[in-house]
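The figures here come from the full heavy-atom set of this structure, side chains too, leaving out hydrogens, waters and symmetry mates. In listed order, ligands and their atoms are each counted from 1.
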Amino acid sequence: MDAPTTTSSADDTSGEGGGWFTPRKPPKRQEDGEPQQSGAEGPEAAEGRRLASIRPLGRSGSAALATEPSEGRIPAAREASEPTDEVTHARVAPAEARPEAQSETRPAAQPETRSPDAVLVQRTMAEIGPDSDKVTSYFYALLFTRHPDLRALFPAAMDTQRDRLLKALLTAAEHIDNTDVLVSYLKNLGRGHRKYGTQPEHYPAVGEALIGSLSRYASSVWDEETEAAWVRTYTKISQVMIDAAAEDELRAPAWWFAEVVAHDLRTPDIAIVTVRPDQPYPFLAGQYTSLETPWWPRIWRHYSFASAPRSDGLLSFHVKAVPAGWVSNSLVHRARPGDVLRLGPPGGSMTVDHTTDSGLLCLGGGTGIAPIKALVEDVAEHGRRRPVEVFYGARTDHDLYDIDTMLRLQQTHPWLAVRPVVDQRAQLPDAVREYGPWNEYDAYLSGPPGMIRSGVDALREVGIPVGRIRHDSVEELVAAGS
Ligand SMILES: NC(=O)C1=CN([C@@H]2O[C@H](COP(=O)(O)OP(=O)(O)OC[C@H]3O[C@@H](n4cnc5c(N)ncnc54)[C@H](O)[C@@H]3O)[C@@H](O)[C@H]2O)C=CC1
(Lines give C-alpha, C1' and ligand atoms only; values in the text may rest on other atoms or scores of the structure.)
Protein backbone atom coordinates (compact mmCIF):
# COMPACT_ATOMS: atom_id res chain seq x y z
CA MET A 1 0.00 0.00 0.00
CA ASP A 2 1.12 3.49 -0.43
CA ALA A 3 3.41 4.54 2.26
CA PRO A 4 2.73 7.80 3.92
CA THR A 5 5.22 10.48 3.41
CA THR A 6 5.87 11.72 6.82
CA THR A 7 7.78 10.01 9.48
CA SER A 8 8.77 10.56 13.01
CA SER A 9 7.20 12.47 15.79
CA ALA A 10 9.63 15.22 16.33
CA ASP A 11 11.26 15.51 13.00
CA ASP A 12 11.25 14.62 9.40
CA THR A 13 10.54 16.74 6.52
CA SER A 14 11.02 14.50 3.58
CA GLY A 15 9.56 16.49 0.97
CA GLU A 16 8.09 15.93 -2.25
CA GLY A 17 6.25 18.62 -3.97
CA GLY A 18 3.33 18.48 -6.19
CA GLY A 19 5.28 18.80 -9.36
CA TRP A 20 6.66 21.67 -11.31
CA PHE A 21 8.09 20.28 -14.45
CA THR A 22 10.62 21.45 -16.88
CA PRO A 23 9.24 23.28 -19.82
CA ARG A 24 10.84 22.32 -23.12
CA LYS A 25 11.62 25.95 -23.62
CA PRO A 26 11.85 28.67 -21.01
CA PRO A 27 8.44 29.67 -19.69
CA LYS A 28 7.09 32.73 -21.37
CA ARG A 29 4.33 35.10 -20.32
CA GLN A 30 1.14 34.49 -22.27
CA GLU A 31 -0.82 37.65 -21.77
CA ASP A 32 -3.46 36.56 -24.24
CA GLY A 33 -4.04 33.39 -22.42
CA GLU A 34 -5.17 34.92 -19.16
CA PRO A 35 -8.13 33.24 -17.57
CA GLN A 36 -11.17 35.38 -18.16
CA GLN A 37 -12.70 36.47 -14.94
CA SER A 38 -15.71 38.59 -14.36
CA GLY A 39 -15.80 40.97 -11.45
CA ALA A 40 -13.57 43.68 -10.22
CA GLU A 41 -10.44 41.66 -9.53
CA GLY A 42 -9.38 39.87 -12.64
CA PRO A 43 -6.02 38.22 -12.90
CA GLU A 44 -4.41 41.34 -14.24
CA ALA A 45 -5.60 43.43 -11.38
CA ALA A 46 -4.77 40.77 -8.90
CA GLU A 47 -1.51 39.56 -10.22
CA GLY A 48 -0.03 42.19 -12.39
CA ARG A 49 0.98 44.67 -9.76
CA ARG A 50 4.22 43.38 -8.48
CA LEU A 51 5.40 40.57 -10.61
CA ALA A 52 8.82 42.09 -10.92
CA SER A 53 9.31 41.58 -7.21
CA ILE A 54 9.69 37.87 -7.63
CA ARG A 55 12.84 37.49 -9.53
CA PRO A 56 14.37 34.40 -10.98
CA LEU A 57 16.29 32.87 -8.18
CA GLY A 58 19.51 31.47 -9.45
CA ARG A 59 21.53 28.86 -7.71
CA SER A 60 23.15 31.30 -5.40
CA GLY A 61 24.41 28.95 -2.79
CA SER A 62 23.29 31.37 -0.11
CA ALA A 63 20.15 30.08 1.43
CA ALA A 64 17.82 32.84 2.38
CA LEU A 65 16.96 31.00 5.54
CA ALA A 66 20.35 30.71 7.03
CA THR A 67 19.72 28.61 10.07
CA GLU A 68 20.77 25.01 9.76
CA PRO A 69 17.95 22.57 10.05
CA SER A 70 17.50 20.50 13.12
CA GLU A 71 15.54 17.81 11.30
CA GLY A 72 12.26 19.39 12.05
CA ARG A 73 8.94 18.58 10.53
CA ILE A 74 5.98 20.40 9.19
CA PRO A 75 3.27 17.95 9.90
CA ALA A 76 0.63 19.15 7.52
CA ALA A 77 2.63 19.90 4.46
CA ARG A 78 5.12 17.20 4.14
CA GLU A 79 2.80 14.81 2.58
CA ALA A 80 0.91 17.59 1.13
CA SER A 81 3.36 17.86 -1.62
CA GLU A 82 3.27 14.27 -2.66
CA PRO A 83 0.04 12.35 -2.83
CA THR A 84 -0.11 8.81 -1.71
CA ASP A 85 -2.53 7.19 -4.05
CA GLU A 86 -5.89 8.77 -3.81
CA VAL A 87 -7.79 11.69 -5.15
CA THR A 88 -7.43 14.51 -2.71
CA HIS A 89 -8.86 17.97 -2.52
CA ALA A 90 -7.52 21.31 -1.55
CA ARG A 91 -7.18 21.40 2.16
CA VAL A 92 -6.18 24.50 3.99
CA ALA A 93 -6.00 23.84 7.69
CA PRO A 94 -9.14 24.85 9.52
CA ALA A 95 -8.81 28.12 11.35
CA GLU A 96 -8.77 26.57 14.79
CA ALA A 97 -5.80 24.43 13.84
CA ARG A 98 -3.70 27.28 12.60
CA PRO A 99 -1.08 28.95 14.69
CA GLU A 100 -2.40 32.41 13.96
CA ALA A 101 -5.88 31.43 15.04
CA GLN A 102 -4.49 30.43 18.38
CA SER A 103 -2.61 33.64 18.76
CA GLU A 104 -5.64 35.67 17.79
CA THR A 105 -7.37 34.38 20.88
CA ARG A 106 -4.55 35.35 23.19
CA PRO A 107 -5.18 38.00 25.80
CA ALA A 108 -4.41 41.40 24.35
CA ALA A 109 -1.58 41.97 26.81
CA GLN A 110 0.40 39.00 25.57
CA PRO A 111 3.34 40.11 23.44
CA GLU A 112 3.32 39.23 19.75
CA THR A 113 5.96 36.60 19.12
CA ARG A 114 5.47 36.29 15.40
CA SER A 115 7.44 38.24 12.85
CA PRO A 116 5.55 40.98 11.01
CA ASP A 117 5.68 38.90 7.80
CA ALA A 118 4.30 35.86 9.58
CA VAL A 119 1.42 37.93 10.95
CA LEU A 120 0.51 39.12 7.47
CA VAL A 121 0.96 35.71 5.87
CA GLN A 122 -1.16 34.04 8.50
CA ARG A 123 -3.83 36.69 8.21
CA THR A 124 -4.01 35.95 4.50
CA MET A 125 -4.28 32.25 5.23
CA ALA A 126 -7.17 32.82 7.61
CA GLU A 127 -8.90 34.87 4.95
CA ILE A 128 -8.59 32.32 2.15
CA GLY A 129 -9.47 29.35 4.36
CA PRO A 130 -13.11 29.06 3.30
CA ASP A 131 -12.16 29.50 -0.38
CA SER A 132 -9.30 27.07 -0.55
CA ASP A 133 -10.76 25.16 -3.50
CA LYS A 134 -11.24 28.34 -5.47
CA VAL A 135 -7.75 29.55 -4.61
CA THR A 136 -6.34 26.28 -5.86
CA SER A 137 -8.27 26.38 -9.12
CA TYR A 138 -7.33 29.96 -9.75
CA PHE A 139 -3.70 29.36 -8.89
CA TYR A 140 -3.38 26.64 -11.51
CA ALA A 141 -5.42 28.60 -14.03
CA LEU A 142 -2.98 31.47 -13.70
CA LEU A 143 0.05 29.22 -13.77
CA PHE A 144 -0.97 27.31 -16.86
CA THR A 145 -2.39 30.17 -18.86
CA ARG A 146 0.70 32.23 -18.30
CA HIS A 147 3.04 29.27 -18.71
CA PRO A 148 1.28 26.69 -20.89
CA ASP A 149 4.47 24.71 -21.28
CA LEU A 150 4.29 23.86 -17.61
CA ARG A 151 0.84 22.30 -17.96
CA ALA A 152 2.03 19.64 -20.34
CA LEU A 153 4.44 18.41 -17.75
CA PHE A 154 1.96 17.93 -14.93
CA PRO A 155 -0.03 14.70 -14.78
CA ALA A 156 -2.94 14.57 -17.16
CA ALA A 157 -5.37 14.11 -14.27
CA MET A 158 -4.68 17.07 -12.07
CA ASP A 159 -7.31 16.13 -9.52
CA THR A 160 -4.95 13.72 -7.88
CA GLN A 161 -2.39 16.25 -6.92
CA ARG A 162 -3.31 19.65 -8.12
CA ASP A 163 -3.47 21.07 -4.65
CA ARG A 164 -0.26 19.47 -3.47
CA LEU A 165 2.06 22.13 -4.68
CA LEU A 166 -0.03 25.03 -3.47
CA LYS A 167 -0.67 23.41 -0.16
CA ALA A 168 3.00 22.76 0.43
CA LEU A 169 3.81 26.37 -0.33
CA LEU A 170 1.07 27.74 1.87
CA THR A 171 2.03 25.55 4.76
CA ALA A 172 5.66 26.49 4.40
CA ALA A 173 4.71 30.17 4.33
CA GLU A 174 2.58 29.74 7.40
CA HIS A 175 5.59 28.35 9.26
CA ILE A 176 8.01 30.97 8.04
CA ASP A 177 9.12 31.80 11.59
CA ASN A 178 9.83 28.20 12.43
CA THR A 179 13.17 28.26 10.68
CA ASP A 180 14.61 25.02 11.97
CA VAL A 181 11.65 23.01 10.85
CA LEU A 182 11.17 24.91 7.66
CA VAL A 183 14.66 24.73 6.23
CA SER A 184 14.83 21.00 6.54
CA TYR A 185 11.40 20.62 5.02
CA LEU A 186 12.17 22.93 2.13
CA LYS A 187 15.49 21.33 1.36
CA ASN A 188 13.78 18.01 0.98
CA LEU A 189 11.08 19.63 -1.07
CA GLY A 190 13.68 21.16 -3.38
CA ARG A 191 15.56 17.89 -3.75
CA GLY A 192 12.31 16.02 -4.37
CA HIS A 193 11.49 18.37 -7.21
CA ARG A 194 14.53 17.37 -9.20
CA LYS A 195 12.73 14.31 -10.51
CA TYR A 196 10.17 16.59 -12.12
CA GLY A 197 12.94 18.52 -13.84
CA THR A 198 12.14 21.69 -11.95
CA GLN A 199 14.48 24.53 -12.84
CA PRO A 200 15.19 27.76 -10.94
CA GLU A 201 13.36 29.78 -13.61
CA HIS A 202 10.12 27.95 -12.80
CA TYR A 203 9.95 29.38 -9.32
CA PRO A 204 9.02 32.94 -10.26
CA ALA A 205 6.20 31.60 -12.43
CA VAL A 206 4.79 29.75 -9.46
CA GLY A 207 5.32 32.72 -7.16
CA GLU A 208 3.43 35.00 -9.50
CA ALA A 209 0.50 32.62 -9.67
CA LEU A 210 0.57 32.26 -5.90
CA ILE A 211 0.40 35.96 -5.27
CA GLY A 212 -2.16 36.41 -8.01
CA SER A 213 -4.51 33.92 -6.45
CA LEU A 214 -3.96 35.02 -2.88
CA SER A 215 -4.55 38.67 -3.66
CA ARG A 216 -7.78 37.78 -5.39
CA TYR A 217 -9.24 35.63 -2.66
CA ALA A 218 -7.86 37.51 0.33
CA SER A 219 -8.79 40.87 -1.17
CA SER A 220 -10.30 42.23 2.04
CA VAL A 221 -6.96 42.01 3.85
CA TRP A 222 -4.65 42.37 0.88
CA ASP A 223 -2.56 45.52 0.66
CA GLU A 224 0.94 46.47 -0.42
CA GLU A 225 2.40 45.48 2.89
CA THR A 226 0.83 42.05 2.70
CA GLU A 227 2.02 41.55 -0.83
CA ALA A 228 5.55 42.54 0.14
CA ALA A 229 5.42 40.05 3.03
CA TRP A 230 4.36 37.28 0.66
CA VAL A 231 7.02 38.18 -1.87
CA ARG A 232 9.69 38.04 0.83
CA THR A 233 8.33 34.81 2.22
CA TYR A 234 8.07 33.08 -1.13
CA THR A 235 11.51 34.31 -2.12
CA LYS A 236 12.99 32.73 0.99
CA ILE A 237 11.11 29.49 0.41
CA SER A 238 12.12 29.16 -3.21
CA GLN A 239 15.73 30.09 -2.55
CA VAL A 240 16.18 27.28 -0.05
CA MET A 241 14.58 24.83 -2.47
CA ILE A 242 16.70 25.95 -5.40
CA ASP A 243 19.92 25.79 -3.41
CA ALA A 244 19.09 22.35 -2.02
CA ALA A 245 18.36 21.03 -5.51
CA ALA A 246 21.63 22.44 -6.84
CA GLU A 247 23.57 20.88 -4.00
CA ASP A 248 21.87 17.54 -4.49
CA GLU A 249 22.66 17.60 -8.19
CA LEU A 250 26.33 17.25 -7.34
CA ARG A 251 25.86 13.92 -5.62
CA ALA A 252 22.70 12.15 -6.72
CA PRO A 253 20.63 11.62 -9.84
CA ALA A 254 17.23 13.29 -10.10
CA TRP A 255 15.65 9.83 -10.30
CA TRP A 256 16.56 6.20 -10.64
CA PHE A 257 15.19 3.67 -13.08
CA ALA A 258 14.31 0.43 -11.35
CA GLU A 259 13.41 -2.84 -13.01
CA VAL A 260 10.88 -5.11 -11.37
CA VAL A 261 12.67 -8.37 -10.63
CA ALA A 262 10.06 -10.10 -8.46
CA HIS A 263 6.34 -9.77 -7.91
CA ASP A 264 4.85 -11.80 -5.10
CA LEU A 265 1.08 -11.60 -4.75
CA ARG A 266 0.56 -12.38 -1.06
CA THR A 267 -3.21 -11.76 -0.88
CA PRO A 268 -5.68 -10.83 -3.63
CA ASP A 269 -4.78 -7.18 -3.05
CA ILE A 270 -1.30 -7.12 -1.52
CA ALA A 271 1.91 -7.67 -3.48
CA ILE A 272 5.55 -7.52 -2.50
CA VAL A 273 7.33 -5.86 -5.38
CA THR A 274 11.10 -6.09 -5.63
CA VAL A 275 13.10 -3.87 -7.97
CA ARG A 276 16.69 -3.45 -9.05
CA PRO A 277 17.72 0.20 -9.40
CA ASP A 278 19.93 1.10 -12.36
CA GLN A 279 22.55 2.56 -10.03
CA PRO A 280 23.21 2.37 -6.30
CA TYR A 281 20.35 3.73 -4.27
CA PRO A 282 21.48 4.88 -0.81
CA PHE A 283 18.82 5.05 1.89
CA LEU A 284 18.23 4.22 5.54
CA ALA A 285 15.93 1.58 6.99
CA GLY A 286 12.61 3.20 7.90
CA GLN A 287 12.70 5.63 4.97
CA TYR A 288 10.49 5.67 1.91
CA THR A 289 10.78 6.64 -1.72
CA SER A 290 8.50 8.07 -4.35
CA LEU A 291 7.67 5.80 -7.22
CA GLU A 292 6.25 6.32 -10.71
CA THR A 293 4.89 3.50 -12.86
CA PRO A 294 4.98 3.45 -16.67
CA TRP A 295 1.17 3.31 -16.71
CA TRP A 296 0.61 6.59 -14.88
CA PRO A 297 3.33 8.95 -16.05
CA ARG A 298 4.17 11.77 -13.64
CA ILE A 299 1.99 10.32 -10.90
CA TRP A 300 4.31 9.64 -8.00
CA ARG A 301 3.40 7.75 -4.86
CA HIS A 302 5.29 7.04 -1.69
CA TYR A 303 6.26 3.58 -0.53
CA SER A 304 8.38 2.57 2.43
CA PHE A 305 11.33 0.30 1.88
CA ALA A 306 10.44 -3.08 3.28
CA SER A 307 14.05 -4.05 3.96
CA ALA A 308 17.19 -2.45 5.27
CA PRO A 309 19.73 -1.72 2.51
CA ARG A 310 20.77 -5.05 0.98
CA SER A 311 24.15 -6.11 -0.32
CA ASP A 312 22.58 -6.99 -3.70
CA GLY A 313 21.12 -3.48 -3.97
CA LEU A 314 17.54 -4.72 -4.45
CA LEU A 315 14.63 -2.78 -2.97
CA SER A 316 11.25 -4.17 -1.88
CA PHE A 317 7.89 -2.55 -1.31
CA HIS A 318 4.65 -3.87 0.16
CA VAL A 319 1.82 -2.57 -1.96
CA LYS A 320 -1.86 -2.84 -1.20
CA ALA A 321 -4.27 -2.08 -4.04
CA VAL A 322 -6.77 0.42 -2.68
CA PRO A 323 -10.01 1.52 -4.35
CA ALA A 324 -9.26 4.16 -6.99
CA GLY A 325 -5.57 3.83 -6.24
CA TRP A 326 -4.14 4.04 -9.73
CA VAL A 327 -0.56 3.42 -8.87
CA SER A 328 -1.21 0.81 -6.19
CA ASN A 329 -3.57 -1.14 -8.48
CA SER A 330 -1.03 -1.05 -11.27
CA LEU A 331 1.70 -2.30 -9.01
CA VAL A 332 -0.40 -5.09 -7.57
CA HIS A 333 -2.35 -6.24 -10.62
CA ARG A 334 -0.27 -5.21 -13.60
CA ALA A 335 3.42 -4.93 -12.80
CA ARG A 336 5.53 -7.91 -13.76
CA PRO A 337 9.25 -8.69 -13.82
CA GLY A 338 10.88 -6.69 -16.57
CA ASP A 339 8.71 -3.60 -16.11
CA VAL A 340 10.69 -0.47 -15.41
CA LEU A 341 9.63 2.03 -12.76
CA ARG A 342 11.18 5.31 -11.69
CA LEU A 343 12.18 6.12 -8.13
CA GLY A 344 12.71 9.53 -6.58
CA PRO A 345 15.12 10.21 -3.74
CA PRO A 346 14.68 8.61 -0.33
CA GLY A 347 12.95 10.57 2.40
CA GLY A 348 11.77 10.31 5.95
CA SER A 349 13.43 10.14 9.30
CA MET A 350 11.68 7.24 10.99
CA THR A 351 15.10 5.70 11.35
CA VAL A 352 16.90 3.94 14.16
CA ASP A 353 19.08 6.00 16.46
CA HIS A 354 22.17 3.84 16.76
CA THR A 355 23.75 6.07 19.37
CA THR A 356 21.53 4.65 22.11
CA ASP A 357 20.73 1.19 23.38
CA SER A 358 17.07 1.90 24.12
CA GLY A 359 14.63 -0.78 23.19
CA LEU A 360 12.38 -0.37 20.16
CA LEU A 361 8.64 -0.76 20.50
CA CYS A 362 7.18 -1.11 17.01
CA LEU A 363 3.55 -1.08 15.97
CA GLY A 364 2.87 -2.08 12.38
CA GLY A 365 -0.71 -2.13 11.10
CA GLY A 366 -1.41 -3.87 7.78
CA THR A 367 1.19 -2.93 5.16
CA GLY A 368 2.64 -0.58 7.75
CA ILE A 369 4.67 -3.60 8.81
CA ALA A 370 6.99 -2.96 5.83
CA PRO A 371 9.23 -0.25 7.35
CA ILE A 372 9.04 -2.00 10.73
CA LYS A 373 10.62 -5.07 9.16
CA ALA A 374 13.33 -2.81 7.72
CA LEU A 375 13.99 -1.36 11.19
CA VAL A 376 14.33 -4.84 12.69
CA GLU A 377 16.85 -5.80 10.00
CA ASP A 378 18.73 -2.59 10.65
CA VAL A 379 19.04 -3.34 14.37
CA ALA A 380 20.19 -6.87 13.52
CA GLU A 381 22.87 -5.58 11.17
CA HIS A 382 24.24 -3.23 13.78
CA GLY A 383 24.88 -6.18 16.03
CA ARG A 384 23.56 -4.53 19.18
CA ARG A 385 21.26 -6.69 21.25
CA ARG A 386 18.66 -4.06 21.87
CA PRO A 387 15.24 -5.38 22.78
CA VAL A 388 12.81 -4.99 19.89
CA GLU A 389 9.12 -5.68 20.38
CA VAL A 390 6.92 -5.76 17.30
CA PHE A 391 3.13 -5.70 17.46
CA TYR A 392 1.79 -6.61 14.05
CA GLY A 393 -1.90 -5.76 13.61
CA ALA A 394 -4.18 -7.11 10.91
CA ARG A 395 -7.88 -7.46 10.26
CA THR A 396 -7.81 -11.25 10.04
CA ASP A 397 -5.23 -14.03 10.22
CA HIS A 398 -5.18 -14.05 6.44
CA ASP A 399 -4.19 -10.38 6.38
CA LEU A 400 -1.01 -11.13 8.34
CA TYR A 401 0.59 -11.54 4.92
CA ASP A 402 4.18 -11.21 6.16
CA ILE A 403 3.95 -13.00 9.49
CA ASP A 404 6.17 -15.86 8.35
CA THR A 405 9.02 -13.49 7.62
CA MET A 406 8.58 -11.75 10.94
CA LEU A 407 8.50 -15.03 12.85
CA ARG A 408 11.64 -16.21 11.04
CA LEU A 409 13.36 -13.01 12.15
CA GLN A 410 12.20 -13.72 15.69
CA GLN A 411 13.68 -17.22 15.57
CA THR A 412 17.02 -15.83 14.42
CA HIS A 413 17.21 -12.97 16.91
CA PRO A 414 16.63 -13.63 20.59
CA TRP A 415 16.22 -9.91 21.29
CA LEU A 416 13.17 -9.73 19.01
CA ALA A 417 9.58 -10.50 20.00
CA VAL A 418 6.85 -10.47 17.35
CA ARG A 419 3.23 -10.44 18.50
CA PRO A 420 0.52 -10.75 15.88
CA VAL A 421 -2.66 -8.95 16.90
CA VAL A 422 -5.77 -9.79 14.95
CA ASP A 423 -8.67 -7.36 15.24
CA GLN A 424 -11.29 -9.89 16.24
CA ARG A 425 -9.21 -10.83 19.23
CA ALA A 426 -7.69 -7.52 20.37
CA GLN A 427 -7.02 -3.95 19.36
CA LEU A 428 -3.41 -3.16 18.62
CA PRO A 429 -3.03 -0.35 21.20
CA ASP A 430 -4.75 -2.46 23.88
CA ALA A 431 -2.38 -5.30 23.17
CA VAL A 432 0.59 -2.99 23.74
CA ARG A 433 -0.81 -1.95 27.12
CA GLU A 434 -0.80 -5.56 28.26
CA TYR A 435 2.97 -5.72 28.00
CA GLY A 436 5.72 -3.40 29.12
CA PRO A 437 6.94 -1.47 30.97
CA TRP A 438 7.80 0.70 27.97
CA ASN A 439 9.36 3.75 29.57
CA GLU A 440 12.85 2.76 28.37
CA TYR A 441 11.70 2.27 24.77
CA ASP A 442 11.61 4.38 21.65
CA ALA A 443 8.36 3.81 19.78
CA TYR A 444 7.79 3.49 16.04
CA LEU A 445 4.33 3.40 14.52
CA SER A 446 3.47 2.64 10.94
CA GLY A 447 0.01 1.98 9.62
CA PRO A 448 -3.36 3.58 8.94
CA PRO A 449 -4.26 6.95 10.51
CA GLY A 450 -6.61 5.51 13.12
CA MET A 451 -3.90 3.19 14.30
CA ILE A 452 -1.36 5.99 14.53
CA ARG A 453 -3.74 8.15 16.54
CA SER A 454 -4.86 5.54 19.01
CA GLY A 455 -1.37 4.08 19.15
CA VAL A 456 0.18 7.42 20.07
CA ASP A 457 -2.45 7.93 22.77
CA ALA A 458 -1.80 4.49 24.19
CA LEU A 459 1.96 4.95 24.15
CA ARG A 460 1.73 8.28 25.91
CA GLU A 461 -0.52 6.72 28.51
CA VAL A 462 2.03 4.04 29.22
CA GLY A 463 4.68 6.68 29.80
CA ILE A 464 6.60 7.08 26.54
CA PRO A 465 7.37 10.78 26.04
CA VAL A 466 6.09 12.20 22.78
CA GLY A 467 9.63 13.02 21.66
CA ARG A 468 10.39 9.31 21.60
CA ILE A 469 7.40 8.36 19.47
CA ARG A 470 7.97 8.30 15.72
CA HIS A 471 5.27 7.83 13.15
CA ASP A 472 3.96 8.83 9.79
CA SER A 473 1.91 11.92 9.25
CA VAL A 474 -1.65 11.24 10.21
CA GLU A 475 -2.85 14.24 8.24
CA GLU A 476 -1.38 12.91 5.09
CA LEU A 477 -2.70 9.45 5.65
CA VAL A 478 -6.13 10.94 6.06
CA ALA A 479 -5.64 13.06 2.98
CA ALA A 480 -4.77 9.95 1.07
CA GLY A 481 -8.09 8.48 1.98
CA SER A 482 -6.38 5.39 3.28
N1 LIG B 1 5.65 4.04 6.59
C2 LIG B 1 4.45 3.74 7.01
O3 LIG B 1 4.07 4.14 8.08
C4 LIG B 1 3.57 2.94 6.22
C5 LIG B 1 2.24 3.11 6.41
N6 LIG B 1 1.40 2.47 5.65
C7 LIG B 1 0.01 2.79 5.84
O8 LIG B 1 -0.56 1.72 6.53
C9 LIG B 1 -1.88 1.58 6.14
C10 LIG B 1 -2.09 0.14 5.86
O11 LIG B 1 -3.38 -0.09 5.40
P12 LIG B 1 -4.04 -1.53 5.54
O13 LIG B 1 -3.03 -2.57 5.27
O14 LIG B 1 -5.27 -1.45 4.69
O15 LIG B 1 -4.41 -1.56 7.08
P16 LIG B 1 -5.80 -1.94 7.73
O17 LIG B 1 -6.77 -0.84 7.56
O18 LIG B 1 -6.15 -3.30 7.29
O19 LIG B 1 -5.39 -1.96 9.29
C20 LIG B 1 -4.35 -2.79 9.72
C21 LIG B 1 -4.37 -2.92 11.22
O22 LIG B 1 -4.06 -1.66 11.83
C23 LIG B 1 -4.76 -1.60 13.07
N24 LIG B 1 -5.71 -0.50 13.04
C25 LIG B 1 -6.33 0.00 11.97
N26 LIG B 1 -7.14 1.02 12.33
C27 LIG B 1 -7.02 1.14 13.67
C28 LIG B 1 -7.58 2.00 14.64
N29 LIG B 1 -8.45 2.95 14.31
N30 LIG B 1 -7.21 1.86 15.93
C31 LIG B 1 -6.33 0.92 16.28
N32 LIG B 1 -5.75 0.08 15.41
C33 LIG B 1 -6.09 0.17 14.13
C34 LIG B 1 -5.51 -2.87 13.25
O35 LIG B 1 -4.69 -3.75 13.96
C36 LIG B 1 -5.70 -3.31 11.80
O37 LIG B 1 -5.91 -4.68 11.70
C38 LIG B 1 -2.11 2.51 4.97
O39 LIG B 1 -2.81 3.62 5.43
C40 LIG B 1 -0.72 2.91 4.55
O41 LIG B 1 -0.68 4.20 4.03
C42 LIG B 1 1.84 1.54 4.78
C43 LIG B 1 3.17 1.29 4.59
C44 LIG B 1 4.16 2.00 5.30
At a 4.0 Å threshold, what atoms of ligand 1 neighbour a non-hydrogen atom of [X]?
X: Gly366; result: 13 (O), 15 (O), 20 (C), 21 (C)
X: Ser446; result: 1 (N), 2 (C), 3 (O), 4 (C), 5 (C), 44 (C)
X: Pro371; result: 1 (N), 2 (C), 44 (C)
X: Gln427; result: 30 (N), 31 (C), 32 (N)
X: Gly368; result: 4 (C), 5 (C), 6 (N), 8 (O), 42 (C), 43 (C), 44 (C)
X: Gly450; result: 27 (C), 28 (C), 29 (N), 30 (N)
X: Ser454; result: 30 (N), 31 (C)

- Of all heavy-atom pairs between Val422 and Arg395, which one has the smallest distance, and what is that distance?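 Taking Val422 first and Arg395 second, the nearest heavy atoms are CG1-O, 3.5 Å.
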- Query: Measuring from Ile469:CD1 to Tyr444:OH, what's the distance to the nearest 0.5 Å?
  - Reply: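 Interatomic distance, Ile469 CD1 to Tyr444 OH, rounded to 0.5 Å: 12.0 Å.
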Are [X] and [Y] close enough for a salt bridge, meaning some N to O gap below 4.0 Å?
X: Arg419; Y: Glu389; answer: yes
X: Lys373; Y: Asp402; answer: no
X: Arg433; Y: Asp430; answer: yes
X: Arg114; Y: Asp177; answer: no

- Shortest reach to atom 34 (C) of ligand 1 by a heavy atom, considering only Ile369, Asp457, Asp423, Leu445: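 Closest candidate by heavy-atom distance is Asp423.
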- Does Pro280 offer a backbone N or O that forms a donor-acceptor pair with the side chain of Trp256 under 3.5 Å?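 Such a contact is found between Trp256 side chain and Pro280 backbone.
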- At under 4.0 Å between heavy atoms, which part of Lys320 makes contact with ligand 1: side chain, backbone, both or neither?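 Looking at Lys320 and ligand 1, just side chain atoms fall under 4.0 Å.
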- Message: Does only the side chain of Thr367 get under 4.0 Å from ligand 1, or the backbone, or both, or neither? Count heavy atoms.
- Response: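 Near ligand 1, Thr367 shows its backbone as well as its side chain.
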- Message: Considering both backbone and side-chain atoms of Ala394, is one of its nitrogen or oxygen atoms within less than 3.5 Å of a nitrogen or oxygen in ligand 1?
- Response: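 Right, the criterion is met.
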- Full working for ring pair (Phe, Tyr, Trp, His ring centres under 6.0 Å) between Phe305 and Tyr281: CA-CA 11 Å; Phe305 300 104; Tyr281 188 101; 5.6 Å; yes
